[in-house]
Amino acid sequence: TNTDNGATQEHTAVTLSRSGTTGPLNHDIWKLIVGFLVDDLRIRRDFPHKPTTRSTADSLQAVFNEYAGDSHNRGMYGHRMYGVLYPPTTGDYSFIVELTQVSCACSVEFWLSTDIDPRNSRKLLATEVPFMISRDVPAAKISDVVRLNSDSAYYFEFLEKAFDGMVVSEVKWRTPLENKFVSIPPSSFSTAVEFDKTTGQYVESPMAKALLGPLPILVLQSRRRTNFVGDTVYPITQINVLPPCQFKPEYVSKHYVSLYHGIYEVFDSTVYPPDETWFKKGTNGDTGNTAISQQVASSVIELYKKAFAGANTGGEVVGLHYMEQTKNKDSGSRFLLEMNIKLKDGLVHTSEFVYLQNDNKLCHLSNLQWTPNADVYLVVSLKNLGEWVKHLCYNLEDLYAQTHDDHFE
């Protein structure tokens, strides 16, 4: 029995004899999946129940090769391997996910249940490799020690998402009988659920029913910005409580920019909270937004709170949603602050550009403001980027569903 939000649901127990037949494990593959995080697979409408292909595998090794198969599907795969584990002996076990031949961005996760029921799974391992070259691959992480019984069976999941390149990933274990990590043999696992090879649908069983319901592996794990989730959408307003100042960006290029060289003139911002857009491009440097330290973010918002309190507005700053910083070389930094402010008539949301001068004083940028109720239209050129656009549409749909913002159409 499970209680969730006051509702009680009866769960059918998942049972399996220890003498069950060992052999291949379930292997589902999704093609044309953008991104390199496992969460990019989780947010798909067709995950986990409608993979592109559904088959079985004889090992806990996933091979991602951008250059294999037709060019239309290259670089966009997601793997899900799952089954039942049978420990050969009772004792303490450790697991690793070994990554080799890495020339892409990828992430992997290994989940293990406390028993045969997938609803009792917990994440043992997770590794992310941003856009890097093979020599920068991080060392394999070792899981916490778990005690397994030889007379029991344990459900497991191995998830992988990779993009643009190649990687071979494999889950290995160290058993009480060995002092090193080795491949898990087929004699120690079996298929979790049978499926119809024509329709791809699960054959009805208690395990199939459990897999079709809510599972721990479906919960988003990423550190990406999700602070819009569950937020109430308040009226948008602008409140100027700082002394005015002029802004002249010093980082604007004053020289001729030749064809295709504009990308090298981009001045990246720093953000808080981290938005996970930063990654390393092998020997070609870094790209994306790095994170503002919590110390800097706190000091800036405290300065604004102090100014707000001294302006006798009758309100207070009650929450920071987002902060963006652009350094202006030697004279200071421009910040975009998105905040919730409590006024006499209720809560409002405000977004304001401010400038932090080198003397640690904040001022209001009188020559850099924006109209909060302006109409903004998104025009996207498709060409051969249909999957990326579908990904964008899914994200926009989620934003609207979770915020119910009437300004969003």
Side-chain angles (χ1 to χ4, degrees), residues 223-252 266-278 288-376 399 402-408:
R223 301 181 302 277
R224 287 176 172 174
R225 181 188 176 198
T226 56
N227 55 323
F228 62 86
V229 178
D231 283 352
T232 302
V233 178
Y234 301 115
I236 298 174
T237 189
Q238 288 180 296
I239 305 173
N240 299 328
V241 297
L242 301 172
C245 60
Q246 295 290 310
F247 175 66
K248 184 178 180 181
E250 300 171 359
Y251 49 80
V252 176
V266 175
F267 195 91
D268 295 322
S269 300
T270 54
V271 298
Y272 184 86
D275 62 3
E276 294 300 305
T277 60
W278 179 89
N289 297 324
T290 55
I292 300 173
S293 69
Q294 187 169 353
Q295 180 180 1
V296 171
S298 298
S299 64
V300 172
I301 197 65
E302 286 303 318
L303 285 173
Y304 189 88
K305 283 183 177 181
K306 185 177 179 179
F308 194 89
N312 297 319
T313 61
E316 62 176 326
V317 179
V318 295
L320 172 69
H321 281 258
Y322 181 71
M323 178 184 292
E324 182 179 302
Q325 177 186 17
T326 303
K327 295 181 179 179
N328 204 25
K329 291 189 177 179
D330 300 326
S331 61
S333 292
R334 172 177 61 83
F335 286 88
L336 172 65
L337 305 180
E338 294 186 9
M339 302 165 288
N340 271 359
I341 294 179
K342 185 178 181 180
L343 300 176
K344 294 179 181 179
D345 297 331
L347 285 168
V348 297
H349 185 83
T350 182
S351 296
E352 183 177 355
F353 284 110
V354 301
Y355 197 78
L356 179 64
Q357 303 170 88
N358 285 341
D359 58 2
N360 206 37
K361 293 182 180 179
L362 279 181
C363 59
H364 169 74
L365 295 175
S366 58
N367 64 329
L368 180 61
Q369 293 302 318
W370 63 290
T371 304
N373 59 352
D375 291 333
V376 178
L399 283 169
Q402 295 174 34
T403 65
H404 302 290
D405 188 348
D406 291 335
H407 296 89
F408 182 84

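Values below: all heavy atoms of this structure, side chains included; hydrogens, waters and symmetry mates excluded.
Atoms CG and CD, on L343 and E316 in that order, are 10.0 Å from each other to the nearest 0.5 Å. With rounding to the nearest 0.5 Å, the separation of CD in Q325 from OG1 in T270 is 4.0 Å. Summarising the geometry, atom CD belonging to Q246 is positioned 12.5 Å from atom OH belonging to Y355; distances are rounded to the nearest 0.5 Å. Atoms CG and OG1, on L347 and T350 in that order, are 12.5 Å from each other to the nearest 0.5 Å. How far OG of S269 is from CG of L336: 9.5 Å, rounded to the nearest 0.5 Å. Expressed to the nearest 0.5 Å, how far OG of S333 lies from NZ of K327 amounts to 6.0 Å.
Across I341, L242, L303, a single residue satisfies side chain to side chain contact (heavy atoms under 4.5 Å, CB included) together with F308, and that is I341.
Taking 4.5 Å as the limit, every side-chain heavy atom of R334 sits out of range of all side-chain heavy atoms of N328. Side-chain contact between V296 and Y272 is absent, with no heavy-atom pair separated by less than 4.5 Å.
Heavy atoms of other residues, nucleotides or ligands lying less than 6.0 angstrom from CG of N367 number more than 12.
Although no hydrogens or angles enter the test, the distance criterion places no donor-acceptor pair under 3.5 Å between the side chain of S298 and the main chain of Q295.
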**Message:** V354 vs C363, test: side-chain contact (heavy atoms from CB on, under 4.5 Å). Steps then yes/no.
**Reply:** CA-CA 6 Å; V354 301; C363 59; over 6 Å; no

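Nearest heavy-atom pair, I301 versus M323, reported as atom, atom and distance to 0.1 Å: N-CE, 4.4 Å. When all heavy atoms are compared, the tightest approach of H321 to M339 is CD2-C, 4.3 Å.
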